[in-house]
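Below: one structure, written as structure tokens.
The shown structure was predicted, so the numbers you read here are calculated from the model rather than taken from an experiment. In what follows, chains carry the letters A, B, and so on, assigned in the order in which the sequence lines appear, proteins first and then strands, with residues in each chain numbered from 1.
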Amino acid sequence: MKTTLTEILTDALERARQDGSLLLDPLPDIQLDVPKDPRFGDVATNLAMVLAGSLKQPPRQIAAVLIDHIPEANGLIDRCEIAGPGFINFFLKEDYWLRILQEILDQGEAYGRSQRGKGAAVLLEFVSANPTGPLHIGHGRGAVVGDALARILDAAGYKVTREFYINDAGRQLRVLGRSVWLRYRRLFDSLVPFPEEEVYPGDYVIEIAEGIRDREGDRYLSLPEEEVLPHFADLAAGEILQGITHDLKEIGVHFDHFYSERSLYEQGKVRECIEVLEEKELLFHEENGACVLRTSGLGDDKDRVLIKGNGDYTYFASDIAYHREKMERGFDRLINIWGADHHGYVPRMQSAMRAFGYDARTLQVLLIQMVNLLREGKPVRMGKRSGEFVTLAEVVEEVGADVARYFFLLRRYDSHLDFDLDLAKTQSNENPVYYVQYAHARICSVFKQAEEKGFPLDRVAQAPLDRLNLPEERELIKLLGSFPDVVEGAADAMEPHRIPFYLQELASRLHAYYFKHRILSEDVEKSLARLCLIGAVRSVIHNALQLVGVSAPESM
RNA sequence: GCGCCCAUAGCUCAGUUGGAUAGAGCGUUGGACUACGAAUCCAAAGGUCGCAGGUUCGAAUCCUGCUGGGCGCACCA
């Protein structure tokens, strides 16, 4: 809708320029609004007010000129009004809305999809949790936001690849190996010390050690530590990663690739990356042998070490190699989803992009704020080191995947989230998930009812849609008509939470309409038309729920 | 000390990229089932958009400075 109106306005501007009534150069961007108040029309633009400054004419006068240049036979606009300081309000032709309704019915699951992204290839990296322990609730939020964003971008015409980066090199993994090794030895000798401060204390480490003992007995006790530790580390990481993918699957999140950090080293990508930077003369070496990237000249506040004095690579080294690798795989855009506590890392990552000659804006980082888990109104203490660790899997088990997902998406990703376990578990009107799902189930129920009562459902496609002339019906159709704009907006801004908010409003309008007006009546033609309307609502609710990965049940 | 994020109704939060009278859910109060699902609906009360300046036709939104909260500032990950 907005796009066709934009064309009409651009055309009007062009005509006005050619006949000299408006001295435009260049043509301005056209901004369209859907006014909150229906009295201000179906769509409005502030165009005249924007132009007032440069044209040095009163906005209302410019608006009048513009309206004069809109052709009569545009097929869309019924009438225009100039309002307030210079808004142009457009009232669209009655049958336009019926065409929209027909379009929704025709398109079905495709309604809401667009070519906004023009097929641009996007690499969306998210979760990327270290394989050293189970996912917690914060990971869950990142996972669900990332997954929903992937679905939304896909619907908006981007080619999305979902990737999980595995930190399977470096110190944390060595610590994991040592943790398992100590637990393993303790299974045979309880006197072996277990320094909780230096290793991972979680019970899952014991379980991994027990697994090794059950399968292979005590044979590792006699082997030298240097041999056992890397093996245990790999074994444990593999097992934990399997658990992670399992937990992600339980909450409906999947990945196209798992990208191994270690493979970057094994394929020489890290070294290659450093050589390239060396050629670009972006590196310098300190007295102790450390190798440093001059990020300070590229937007970061200081230079960053790539190779330490002891010869070890820093994580930053493999990270930039990874991102260079992403670009070399041909992606147009990179999106990373990180916990907000990593925000200090963003400038240096973007300076690395610049170091390789890419626009820093090619990499966008979404920082997901922390999640506060509440039970009985009190925060549940989190943290890998604390005893009462609550995993994502436990939360999903407790409240279900639909609820968990919806709760994660109910807030902007950059605001703190209180996850209230008791609220999440209530199957009542306090729980926003059911409100929306109920609307869907309710419509399904009406269709079932219509079938039982013998309404000629095979004639629904020929229903006289012009019988839908109530204000509530008109508003409902308008809301349905804005769905593609909502999806595009969510994709542009990378803000999945817009979908649940849209759903809330749509469900609310549906419930109100349903309560006030009977769908099935003696007037068969009208009943069929109304079935078309609620059928379209059902379809859009279904599509929107699909975008956030929440199920649309036919009965509850 | 420096940097980033946040501050909107009693609570939790939206606010269409600077637009018209600032919205929703929950909670509170009062009402609505002999008809398609009451997990629903209708109505009311509730606001100095943290504070003070600035930018302009117009600011919750943009710029500056404060106040208060969160998080970062490694040759850690």
Euclidean distance for P, B/C6 against B/A22 (whole angstrom): 24 Å
Check whether the side chains of A/Q437 and A/D402 place a donor and an acceptor atom closer than 3.5 Å, and report yes or no. yes
Do other residues, nucleotides or ligands put more than 12 heavy atoms under 6.0 Å from the CD atom of A/E452? yes
Give A/S521 one of three labels, base, sugar-phosphate or nothing, depending on what nucleic acid heavy atoms sit under 4.0 Å from its own. nothing
So, is the end of the A/R538 side chain (NZ or CZ) under 6.0 Å from the ring centre of A/F447 and within 45° of the ring's axis? yes
Roughly how many Å apart are B/G10 and B/C57, using the C1' atom of each and rounding to a whole number? 37 Å
Any side-chain N or O of A/R39 under 4.0 Å from OP1/OP2 of B/A20? no
Using the C1' atoms only, state how far B/U8 lies from B/G15, rounded to an integer number of Å. 9 Å
If you look at every strand shown and take non-hydrogen atoms under 4.0 Å, does A/N288 touch a base, only sugar-phosphate, or nothing? base
Would the base of B/C2 count as contacting A/D301 through its side chain, where contact means a donor and an acceptor less than 3.5 Å apart? no
Counting just side-chain N and O atoms, does A/K302 come under 4.0 Å of either OP1 or OP2 of B/C2? no
Would you please indicate yes or no on a ring centroid separation below 6.0 angstrom for A/F258 and A/Y165? no
Salt-bridge test for A/E472 and A/K516: reply yes if a basic N is under 4.0 Å from a carboxylate O, no otherwise. yes
Counting Watson-Crick and G-U wobble pairs with both distances under 3.5 Å, what is the dot-bracket string for RNA chain B, 5' to 3', using [ ] for crossing pairs and | for pairs to another strand? (((((.(..((((.....[...)))).(((((.......))))).....(((((..]....)))))).)))))....
If I take atom OH in residue A/Y502 and atom P in nucleotide B/G23, what distance separates them, rounded to the nearest angstrom? 20 Å
Compute whether any side-chain donor of one residue and acceptor of the other, for A/H416 and A/R411, lie under 3.5 angstrom apart. no
A/T132 and side-chain contact (heavy atoms from CB on, under 4.5 Å): which partner among A/V205, A/V175, A/L176? A/L176
Once you apply a heavy-atom cut-off of 4.0 Å, does A/D300 come out as touching a base, just sugar-phosphate, or nothing? nothing
For B/A39, does either OP1 or OP2 sit under 4.0 Å from a side-chain N or O belonging to A/Y514? no
Is B/U29 syn or anti, taking syn as a glycosidic angle within 90° of 0? anti
Steps toward salt bridge (Lys or Arg N to Asp or Glu O under 4.0 Å) verdict (A/E398, A/R375): CA-CA 12 Å; A/E398 192 170 335; A/R375 193 188 289 283; 2.9 Å; yes
Pair A/F408 + A/Y413: ring centers closer than 6.0 Å: no
Rounded to whole Å, CZ of A/R174 lies from C1' of B/C76 at a distance of 12 Å
Determine the interatomic distance between P on B/G3 and the same-named atom on B/U40; round to the nearest Å. 49 Å
Sticking with atom P, work out how far B/U16 lies from B/A60, rounded to a whole angstrom. 12 Å
Take atom CD in A/E554; do more than 12 heavy atoms of anything else shown fall under 6.0 Å from it? no
Nucleotide nearest A/A441 (side chain, heavy atoms from C-beta), chosen from B/G37, B/G19, B/U40: B/G37
Measure the distance from CZ on A/R171 to C1' on B/C75 and round it to the nearest whole Å. 13 Å
Is there a donor in the side chain of A/Y345 and an acceptor in the side chain of A/D319, or the other way round, less than 3.5 Å apart? yes
With heavy atoms under 4.0 Å as the rule, sort A/A439 into base, sugar-phosphate or nothing. nothing
Among B/U40, B/C41, B/A35, find the nucleotide with the atom closest to the side chain of A/A512. B/C41
Does the structure show A/F87 stacking with B/A20, if we require the centres to be closer than 5.5 Å and the planes to be within less than 30 degrees of parallel? yes
Check every atom of B/G70, B/G37, B/C75 against the side chain of A/S445 and return the nucleotide holding the closest atom. B/G37
5'-most by nearest nucleotide on RNA chain B - A/H511 or A/Y438: A/Y438
If we take the P atom in both B/A9 and B/C66, what is their distance in whole Å? 25 Å
Less than 6.0 Å separating the ring centroids of A/Y322 and A/Y259? yes
When rounded to whole Å, the CD1 to C1' distance for the pair A/I541 and B/A39 reads 14 Å
Any N or O donor-acceptor pair under 3.5 Å from the base of B/C75 to the side chain of A/E286? yes
Determine the interatomic distance between P on B/A7 and the same-named atom on B/G18; round to the nearest Å. 16 Å
Check: B/G3 base within 3.5 Å donor-acceptor of A/H343 side chain: yes
With a 4.0 Å cut-off on heavy atoms, is A/A290 in touch with a base, just the backbone sugar-phosphate, or nothing at all? base
Nearest nucleotide by nearest heavy atom, which residue falls closer to the 5' end of RNA chain B, A/A340 or A/Y313? A/A340
Between A/E261 and A/S318, does any side-chain donor sit less than 3.5 Å from a side-chain acceptor? yes
When you compare B/G46 with B/C62, how far apart are their C1' atoms, in angstrom units rounded to a whole number? 30 Å
Expressed in angstrom and rounded to an integer, what is the separation of A/Y345 atom OH from B/C5 atom C1'? 20 Å
Rounding to an integer number of Å, can you tell me how far A/F515 CZ sits from B/A39 P? 11 Å
Measure all distances between protein nitrogen or oxygen atoms and nitrogen or oxygen atoms of nucleotides 12-18 of chain B, and list the pairs falling under 3.5 Å.
| unit_1 | atom_1 | unit_2 | atom_2 | d |
| --- | --- | --- | --- | --- |
| B/U12 | O2' | A/R411 | NE | 3.3 |
| B/U12 | O2' | A/R411 | NH2 | 2.1 |
| B/C13 | OP1 | A/H416 | O | 3.0 |
| B/C13 | O5' | A/R411 | NE | 3.1 |
| B/A14 | OP1 | A/R412 | N | 2.7 |
| B/A14 | OP1 | A/S415 | OG | 3.2 |
| B/G15 | OP1 | A/H497 | NE2 | 3.2 |

Send over the distance from A/D303 CG to B/A74 C1', rounded to a whole Å. 14 Å
Atom-pair distance (CD on A/Q437; P on B/G37), nearest Å: 18 Å
For B/C33, does the glycosidic angle fall within 90° of 0 (syn) or outside that (anti)? syn
With a 4.0 Å cut-off on heavy atoms, is A/H517 in touch with a base, just the backbone sugar-phosphate, or nothing at all? base
